[in-house]
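Quick notes on the structure that follows.
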Amino acid sequence: MDNKTRERTREIPMAEQDEYKTLQDRVATVSQQLGIAQAIAVKEKARSEELSNLVNRMQADFDNYRKRVNENNKKLKEDGICAVLERLIPELDVLKQAIQSIPDEKVAEGVKMIYKHILDVITAFGVEEIPALGQQFDPNLHNAVMRTKTNDPTKVNMVVEVYNKGYKLGDRILRHSVVRVAN
């Protein structure tokens, strides 16, 4: 302590000095508690940020999971639809043959209505016929079962006859067109 502080301390009565000392001790204690509280606050803030980051990561993981499940469900639905359509398409061929072989015109008209109805149903699902006749042969779309000689160089590798129509759903081939190709 310096001289001035000592002189002031001598001038202050002893009861006030004790009270002053008590207040200084309280200030020191509160200051110490404040330091501890600040340290705890820093720790809790770091913990809060860590938990916030964890929640954000979990939310992102859940969003990714939800997207994967939705995509998987969509693919499973498309696969199911395609499986049914792949089994239904050959029945169109059977109906077409039946229409051609039924001598009774009224019965043939009834079968034509069934054929058209099934065709409308698969078209409603987005099924499209694969263009083949007069088209350039494409092994991704057509299945060549015969070749025919041609003298016309513009007809080389062209589809000249379609035995069975091909169908696709979007980019997915349900059945290749069965064709004869000129060479």
Side-chain angles (χ1 to χ4, degrees), residues 44-183:
E44 290 302 316
K45 183 177 180 187
R47 184 169 177 243
S48 171
E49 288 174 357
E50 182 181 319
L51 290 174
S52 178
N53 288 338
L54 178 64
V55 166
N56 289 338
R57 283 194 309 272
M58 288 179 73
Q59 182 66 42
D61 288 346
F62 181 73
D63 287 344
N64 290 337
Y65 168 76
R66 188 173 32 106
K67 288 175 187 173
R68 279 193 313 272
V69 166
N70 287 341
E71 288 174 16
N72 190 39
N73 287 342
K74 183 179 175 184
K75 174 137 178 42
L76 288 173
K77 181 180 176 182
E78 287 174 3
D79 289 347
I81 289 170
C82 287
V84 170
L85 292 172
E86 286 170 354
R87 300 227 18 196
L88 188 59
I89 287 171
E91 301 308 317
L92 288 173
D93 298 333
V94 171
L95 288 172
K96 190 128 184 139
Q97 290 173 353
I99 291 167
Q100 293 170 352
S101 64
I102 296 174
D104 185 352
E105 190 60 38
K106 287 186 179 187
V107 175
E109 280 300 313
V111 175
K112 282 180 189 177
M113 287 174 52
I114 294 169
Y115 176 84
K116 180 162 178 7
H117 181 70
I118 292 174
L119 201 57
D120 290 344
V121 168
I122 67 171
T123 303
F125 278 101
V127 175
E128 299 174 12
E129 184 180 322
I130 296 172
L133 189 61
Q135 300 289 317
Q136 188 71 24
F137 174 73
D138 182 351
N140 297 316
L141 303 174
H142 309 124
N143 180 16
V145 293
M146 290 185 72
R147 291 207 169 268
T148 301
K149 294 275 184 194
T150 182
N151 295 330
D152 186 356
T154 61
K155 299 238 184 214
V156 171
N157 219 23
M158 297 287 276
V159 174
V160 292
E161 187 175 354
V162 177
Y163 298 112
N164 285 330
K165 293 179 182 179
Y167 297 92
K168 64 181 181 173
L169 180 62
D171 293 334
R172 191 168 177 170
I173 303 298
L174 299 173
R175 181 173 81 178
H176 291 80
S177 299
V178 179
V179 298
R180 182 166 38 144
V181 180
N183 66 346

Are [X] and [Y] close enough that some pair of their side-chain heavy atoms sits under 4.5 Å apart?
| X | Y | answer |
| --- | --- | --- |
| Leu174 | Cys82 | yes |
| Asn157 | Arg147 | yes |
| Leu92 | Lys96 | no |
| Glu129 | Ile122 | no |

Working for side-chain contact (heavy atoms from CB on, under 4.5 Å), residues Asn183 and Lys149
CA-CA 5 Å; Asn183 66 346; Lys149 294 275 184 194; 4.2 Å; yes
For [X] versus [Y], what's the shortest heavy-atom pair and its separation?
| X | Y | value |
| --- | --- | --- |
| Gln136 | Val156 | NE2-O, 4.0 Å |
| Tyr115 | Ile99 | CB-CD1, 3.9 Å |
| Val159 | Ala132 | CB-O, 3.2 Å |
| Leu169 | Val127 | CD1-N, 3.8 Å |
| Arg175 | Asn164 | NH2-CB, 3.8 Å |

For the [atom1] atom of [X] and the [atom2] atom of [Y], what is their distance to the nearest 0.5 Å?
| X | Y | atom1 | atom2 | answer |
| --- | --- | --- | --- | --- |
| Tyr65 | Asn70 | OH | CG | 10.0 Å |
| Asp61 | Asn56 | CG | CG | 11.0 Å |
| Asp93 | Glu91 | CG | CD | 8.5 Å |
| Lys168 | Leu141 | NZ | CG | 6.5 Å |
| Asn64 | Gln59 | CG | CD | 10.0 Å |
| Ile81 | Leu88 | CD1 | CG | 12.5 Å |

State whether a side-chain donor-acceptor pair under 3.5 Å links Thr150 with Asp152.
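Checked: Thr150/Asp152 side chains show no N/O donor-acceptor pair below 3.5 Å.
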Taking 4.0 angstrom as the limit, do [X] and [Y] come out as a salt bridge?
| X | Y | result |
| --- | --- | --- |
| Glu109 | Lys112 | yes |
| Arg172 | Asp79 | yes |
| Asp63 | Arg66 | yes |

Is the number of heavy atoms from other residues, nucleotides or ligands under 6.0 Å of Asp120 CG greater than 12?
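Check passes, neighbour count above 12.
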For Tyr163, I'd like to know if atom OH has over 12 heavy atoms of other residues, nucleotides or ligands within 6.0 Å.
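Check passes, neighbour count above 12.
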Is there a donor-acceptor pair under 3.5 Å between the side chain of His176 and the backbone N or O of Asn140?
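Checking the backbone N and O of Asn140 against the side chain of His176, a donor-acceptor pair under 3.5 Å is found.
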Test your reading of the model: is there a side-chain donor-acceptor pair from His117 to the backbone of Met113, 3.5 Å cut-off?
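No, because the side chain of His117 does not come within donor-acceptor range (under 3.5 Å) of the backbone of Met113.
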